[in-house]
There are 2 protein chains.
Amino acid sequence: MDNQDIRKAGLKVTLPRVKILELLENSTQRHVSAEDVYKMLIDKDEEIGLATVYRVLTQFEAAGLVTRQNFEGGYAVFELDRGGHHDHLVCVVCGKVEEFVDTTIEKRQREIANEHGFEMVDHSLIIYGHCGNPKCHVG
Amino acid sequence: MDNQDIRKAGLKVTLPRVKILELLENSTQRHVSAEDVYKMLIDKDEEIGLATVYRVLTQFEAAGLVTRQNFEGGYAVFELDRGGHHDHLVCVVCGKVEEFVDTTIEKRQREIANEHGFEMVDHSLIIYGHCGNPKCHVG
DNA sequence: AATGGTGATGAGAATCTTTTTCATTACAAG
DNA sequence: CTTGTAATGAAAAAGATTCTCATCACCATT
């Protein structure tokens, strides 16, 4: 029950929040910008303001329902936290995004933080490259 | 000779470019935003426009002299590429940045990219946490 | 079911970062 | 020195995100 997730976050169960959560769950794209969410809602004839989309996504992030990533290009993308954490591989040509999890890296990160006197709370790992598509390989 | 670096990048050796490169070399802060660079130049009575700062930093990035990182907060920071590549540890409370290199992670990243059919060209790893400073530890 | 308090929303303005435009200026080759 | 072309500065524009504030909707209580 999604509405419970919203409630658990200390937020009222309102139409915008329900619709945005639904959209994130049903979206084919995992990584959406606030603008994407806004446009998708418009397409579904949901009259939800862009400011509300930003507010709700930020609240969902604070509640741990959603993760925000700062991509190249200077904007953020959001994705639903489906339990499993993962990192990203991004094609620098076509923008295709793939996800991965690697326990070796996950473990080393925590160790590195400790070695530097830090207590890790989060991390962001994005690998940029050329994907398999021949069109994405430079001469 | 720094001016050679500028020349090698196919750029004219102009006062703004020389001053910005100098500043990056002599800055105590390794990670500076375009705004930071602009303000530092103002402090040195160098009348260089903000637009030029952005232009030059972008050109330096393209030339491989400088690296751009998209930090949380929706802005980018730049740092001089002093040969050695490294990743970042950021304190989520005070903003302190430390650098590290870990060969285990570097190697795994390349392997992961290949496993996914990608050819890695770059990556960005930022570990967020609480640094050693007691003030930066939440109750 | 009606009501009221508080939190949520929408529209637009505001803010912040970055890019573009365009007239002027400065390199650097001859 | 002259002169073509690239570079610059100022201001405007663009893009992403946040803020303001009047209005509205959730929901606990009647």
Side-chain angles (χ1 to χ4, degrees), chain A residues 1-23 31-42 44-63 65-78 95, chain B residues 1-23 31-42 44-63 65-78 95:
Chain A
M1 212 96 254
D2 324 339
N3 294 4
Q4 292 313 314
D5 289 328
I6 296 175
R7 228 181 284 275
K8 268 188 282 180
L11 302 169
K12 279 191 186 172
V13 178
T14 61
L15 200 133
R17 299 213 255 243
V18 171
K19 289 295 172 191
I20 292 174
L21 192 50
E22 263 180 38
L23 193 151
H31 307 88
V32 292
S33 67
E35 191 76 28
D36 290 338
V37 170
Y38 177 66
K39 285 184 187 151
M40 287 165 146
L41 289 167
I42 294 290
K44 294 191 172 192
D45 292 312
E46 299 290 348
E47 294 296 332
I48 294 175
L50 183 55
T52 299
V53 172
Y54 274 103
R55 266 188 299 239
V56 170
L57 288 173
T58 301
Q59 290 158 347
F60 283 1
E61 186 196 8
L65 293 175
V66 144
T67 300
R68 179 197 306 246
Q69 301 264 336
N70 291 97
F71 268 39
E72 283 186 332
Y75 63 93
V77 296
F78 298 83
Chain B
M1 212 97 247
D2 322 342
N3 294 4
Q4 291 314 314
D5 289 331
I6 296 175
R7 230 183 281 277
K8 269 189 282 179
L11 301 169
K12 278 190 186 170
V13 177
T14 62
L15 200 134
R17 300 212 255 243
V18 172
K19 289 296 174 193
I20 291 173
L21 192 50
E22 262 180 38
L23 195 151
H31 307 87
V32 293
S33 66
E35 191 75 27
D36 291 338
V37 170
Y38 176 65
K39 284 184 186 148
M40 287 165 147
L41 290 168
I42 294 290
K44 294 190 171 191
D45 292 313
E46 298 291 348
E47 295 295 333
I48 294 176
L50 182 55
T52 299
V53 173
Y54 273 103
R55 266 188 297 239
V56 170
L57 288 173
T58 301
Q59 290 157 348
F60 282 1
E61 186 198 8
L65 293 175
V66 143
T67 300
R68 178 197 305 249
Q69 299 265 337
N70 291 98
F71 267 38
E72 282 185 335
Y75 63 94
V77 295
F78 298 82

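Numbered from 1 within each chain, the chains take letters A, B, ... in sequence-line order.
Remark: C1' of D:dA7 and CG of B:Leu57 are 15 Å apart, rounded to the nearest angstrom. Distance, B:Ile48 CD1 to D:dA10 P: 11 Å, rounded to whole Å. Counting to the nearest Å, the C1' atom of D:dT17 and the CD atom of A:Glu35 are 11 Å from each other. Distance B:Asn70 CG to D:dT17 P: 11 Å, rounded to the nearest Å. Protein atom CZ of B:Arg68 is 11 Å distant from nucleotide atom C1' of C:dT19, rounded to whole Å. One atom, CD of B:Glu61, and another, P of C:dT19, lie 9 Å apart when rounded to the nearest Å. Taking atom CD of A:Gln69 as the reference point, atom P of D:dA16 lies 18 Å away to the nearest angstrom. The NZ-C1' distance, from A:Lys19 to C:dT9, rounds to 16 Å in whole Å.
Side-chain contact check for B:Lys8 versus B:Asp5: some heavy-atom pair is nearer than 4.5 Å. Side-chain contact between A:Lys12 and A:Arg17 is present, with at least one heavy-atom pair separated by less than 4.5 Å. Contact of the B:Lys44 side chain with the B:Lys19 side chain is not registered, since no non-hydrogen atoms from C-beta on lie closer than 4.5 Å.
In this structure, A:Tyr54 does not reach the D:dT18 phosphate: none of its side-chain N or O atoms is under 4.0 Å from OP1 or OP2.
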Inset, instruction - Give the B/S/- string for nucleotides 21-30 of chain C, one per nucleotide from 5' to 3', where a protein heavy atom under 4.0 Å of the base yields B, of only the sugar-phosphate yields S, and otherwise -. - result: B-----BS--
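With distances taken from any side-chain atom of B:Tyr75 to the nucleotides C:dA8, D:dA7, C:dT18, the minimum falls on C:dT18.
We find the OG1-CG distance between B:Thr52 and B:Leu57 to be 10.5 Å, quoted to the nearest 0.5 Å.
Across the interface with DNA chain C, nearest-nucleotide mapping of A:Tyr38 and B:Ala76 shows A:Tyr38 to be the residue nearer the 5′ end. For the pair B:Gln59 and B:Gly74, nearest-nucleotide mapping onto DNA chain D gives the more 5' position to B:Gln59.
Contacts of A:Leu50 with the nucleic acid, taken as non-hydrogen atoms under 4.0 Å apart, include base atoms. Using a 4.0 Å heavy-atom cutoff across all strands shown, B:Glu47 reaches sugar-phosphate atoms only and no base atom.
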Legend entry - Evaluation steps, side-chain hydrogen bond (donor to acceptor under 3.5 Å, both in side chains), between A:Arg55 and A:Thr58: CA-CA 5 Å; A:Arg55 266 188 299 239; A:Thr58 301; over 6 Å; no
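Minimum heavy-atom separation, B:Pro16 to B:Ile48: CA-CD1, 3.5 Å.
A:Tyr75 OH: 12 or fewer foreign heavy atoms inside a 6.0 Å radius.
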